[in-house]
Student: 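Let me give you the structure first, and then I'll get to my questions.
Being a predicted model, the structure only gives us computed values, none of them experimental. All values below come from the heavy atoms of this structure, side chains included, with hydrogens, waters and symmetry mates left out.
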Protein chains: 2
Amino acid sequence: MKLSSKYKYLFEEALEKCSLRPTKQREHIFSLILQKKDHPTADEIFKRSRASMPSISLATVYNCLESLVESGLIRQVNFERESTRYCPNLKPHAHFLCKKSGEVYDIELSKPLLDQITNALPSEFIAEHIEINFNGLKN
Amino acid sequence: MKLSSKYKYLFEEALEKCSLRPTKQREHIFSLILQKKDHPTADEIFKRSRASMPSISLATVYNCLESLVESGLIRQVNFERESTRYCPNLKPHAHFLCKKSGEVYDIELSKPLLDQITNALPSEFIAEHIEINFNGLKN
DNA sequence: GTTTTATTTAGAATTATTCTAAATACGCTT
DNA sequence: AAGCGTATTTAGAATAATTCTAAATAAAAC
């Protein structure tokens, strides 16, 4: 599993900024997440990654995901206390979990709406991160 | 730990509707959560509840919390994969976790803003629940 | 090329939560 | 109020996701 040159550059830059090394494993996992844009858990990524990199370990998958999140290449998504899922969509957006299928969908949010939500905070609160999660049913 | 008559009635009604029994343990835990309106975890509630009910077990605390959530008397709050916290504020609101103090604050959201957020969903999504969590710093 | 430092790896450890099965309590009927 | 069926409590074991540990390997700096 290899990154296209466009993403390869992004990948190396982003890791560089955090003084992290662009290893084979990190690249492999990043490319897997980019490829199939569902919202896989660490364990799903582990299973997928073994297909083309049989020697990878689960601990490495966790480590790599942590590095990718830290460098801002992917983000985490949590629903209640389910396993953490990972998402390569970096535009601000919300998530929707369908109770029936278990699938997660990205929900775009307009900039003005996001600003309004942030403005709902009294001034003594400085938000670093907002997470907006829906759940319900999707047709 | 006893409930005031106002809450006692609410408590009994709510459990009744779900065919759950108003036991001493459930009442005790509900009153603890009402009393100190921070956002305690199951373990914190367990510790507090032992002060006045030393025989209670952790499993019971989990069971009671589940019943209280099911009957709509309290709600759960999850930040990333931290322990689930519990909240007696039933008005729709968001939560803010201060990274520094670890404290959780309720953030009121106006009805029109909430409606706008729900309307951000394309029509094929039917939301049952929305969770909005901020984190950052509070002065 | 050698050294330094970061990363990977397998397996053990941890943490929050759920499960299990026996004991107890609740609430309904008589 | 006694008895009965069912729900709840309890302690401890089990589970699941994740993190930790320490040795082996790989990347970067010199």
Student: With a non-hydrogen cut-off below 4.0 angstrom, is S55(B) in contact with a base, only sugar-phosphate, or nothing?
Tutor: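 Counting heavy atoms under 4.0 Å across all strands, the contact made by S55(B) is with sugar-phosphate only.
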Student: Please give, in whole Å, the distance from dA6(C) P to E16(A) CD?
Tutor: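 One finds 14 Å between P of dA6(C) and CD of E16(A), rounded.
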Student: Q76(A) CD to dT19(D) P: how many Å, rounded?
Tutor: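 Those two atoms, CD and P, are 8 Å apart.
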Student: Can you tell me how far the CD atom of E80(B) sits from the CG atom of L97(B), to the nearest 0.5 Å?
Tutor: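 Those atoms lie 9.0 Å apart.
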Student: Given atom CG of N78(B) and atom P of dT15(C), what is their separation to the nearest angstrom?
Tutor: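 In whole Å, dT15(C) P and N78(B) CG are 19 Å from each other.
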Student: Establish, with yes or no, whether the OP1 or OP2 oxygen of dT10(D) is under 4.0 angstrom from a side-chain nitrogen or oxygen of Q25(B).
Tutor: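 Indeed, a polar side-chain atom of Q25(B) lies that close.
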Student: Mind checking if T84(A) touches a base, just sugar-phosphate, or nothing, with heavy atoms under 4.0 Å?
Tutor: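 T84(A): backbone/sugar contact only, no base atoms under 4.0 Å.
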Student: For residues L113(A) and Q116(B), determine if any side-chain heavy atom of one lies less than 4.5 Å from a side-chain heavy atom of the other.
Tutor: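 Side-chain contact under 4.5 Å: yes.
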Student: Taking only side-chain N and O atoms of Y62(A), does any of them lie within less than 4.0 angstrom of OP1 or OP2 on dT18(D)?
Tutor: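 For dT18(D), OP1/OP2 do have a side-chain N/O of Y62(A) under 4.0 Å.
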Student: Below 3.5 Å, does any donor atom in the side chain of R21(A) face an acceptor in the base of dT5(C), or the other way round?
Tutor: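 Looking at the base of dT5(C), it does pair with a donor or acceptor on the side chain of R21(A) (distance under 3.5 Å).
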Student: Give the rounded distance in Å between these two atoms: CZ of R85(A) and P of dA17(D).
Tutor: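 Answer to the nearest Å: 11 Å.
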Student: So N63(A), base contact, sugar-phosphate only, or nothing? Heavy-atom distance under 4.0 Å.
Tutor: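 Base, at least one base heavy atom under 4.0 Å.
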Student: Rounded to the nearest 0.5 Å, how far apart are NE2 of H95(B) and CD1 of I107(B)?
Tutor: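 CD1 of I107(B) is found 8.5 Å from NE2 of H95(B).
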Student: Return the nearest nucleotide to the side chain of R81(B); candidates are dT9(C), dC26(C), dA17(D).
Tutor: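 When the side chain of R81(B) is considered, dA17(D) is the closest of dT9(C), dC26(C), dA17(D).
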Student: Nearest to the side chain of R26(B), which nucleotide is it out of dT9(D), dT17(C), dT9(C)?
Tutor: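 So the nucleotide nearest the side chain must be dT9(D).
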Student: How close or far is atom P of dT8(C) from atom CD of E66(A), stated in whole angstroms?
Tutor: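 Whole-Å distance recorded here is 11 Å.
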Student: Measure the distance from CD on E80(B) to C1' on dT15(C) and round it to the nearest whole Å.
Tutor: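 It is 17 Å, rounded to the nearest whole Å.
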Student: Under 4.0 Å, counting only non-hydrogen atoms across every strand here, what does T60(B) touch: a base, just sugar-phosphate, or nothing?
Tutor: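 The residue T60(B) makes base contact.
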Student: Side chain of A59(A), heavy atoms from C-beta onward: which of dT8(C), dG11(C), dT8(D) has the nearest atom to it?
Tutor: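 From the listed options, dG11(C) comes nearest.
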Student: Quick check on dT9(D): is either OP1 or OP2 less than 4.0 Å from any side-chain nitrogen or oxygen of S57(B)?
Tutor: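 Checking S57(B) against dT9(D): no side-chain N or O falls below 4.0 Å of OP1 or OP2.
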Student: Quick one: which of dT9(C), dA27(D), dC26(C) gets closest to the side chain of K24(A)?
Tutor: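 Ranking dT9(C), dA27(D), dC26(C) by closest atom to the K24(A) side chain puts dA27(D) first.
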Student: Could you please name the option among dA28(D), dT9(D), dT18(D) that lies closest to any side-chain atom of L58(A)?
Tutor: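 Nearest to the side chain of L58(A) among the choices is dT18(D).
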Student: Are Q76(B) and E131(B) close enough that some pair of their side-chain heavy atoms sits under 4.5 Å apart?
Tutor: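 Result no, sub-4.5 Å side-chain heavy-atom pair not found.
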Student: Expressed as a whole number of angstroms, how long is the span from D43(B):CG to dT14(C):P?
Tutor: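 Rounding to the nearest Å, CG of D43(B) and P of dT14(C) are 16 Å apart.
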Student: For the pair made of CG in L20(A) and P in dA26(D), what is the distance, rounded to whole Å?
Tutor: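 Atom-to-atom, L20(A) to dA26(D), this comes out as 19 Å.
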Student: Between K138(B) and Y105(B), is NZ or CZ placed under 6.0 angstrom from the six-membered ring centre and within 45° of the ring axis?
Tutor: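 Yes, K138(B) lies over the aromatic ring of Y105(B).
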Student: Quick one: pull up CD in Q25(B) and OG in S57(B) and give me the separation to the nearest 0.5 Å.
Tutor: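 Here the interatomic distance stands at 8.5 Å.
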Student: Heavy atoms from C-beta onward define the side chain here; which of dT8(C), dT8(D), dT17(C) lies closest to that of T23(B)?
Tutor: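 So the nucleotide nearest the side chain must be dT8(D).
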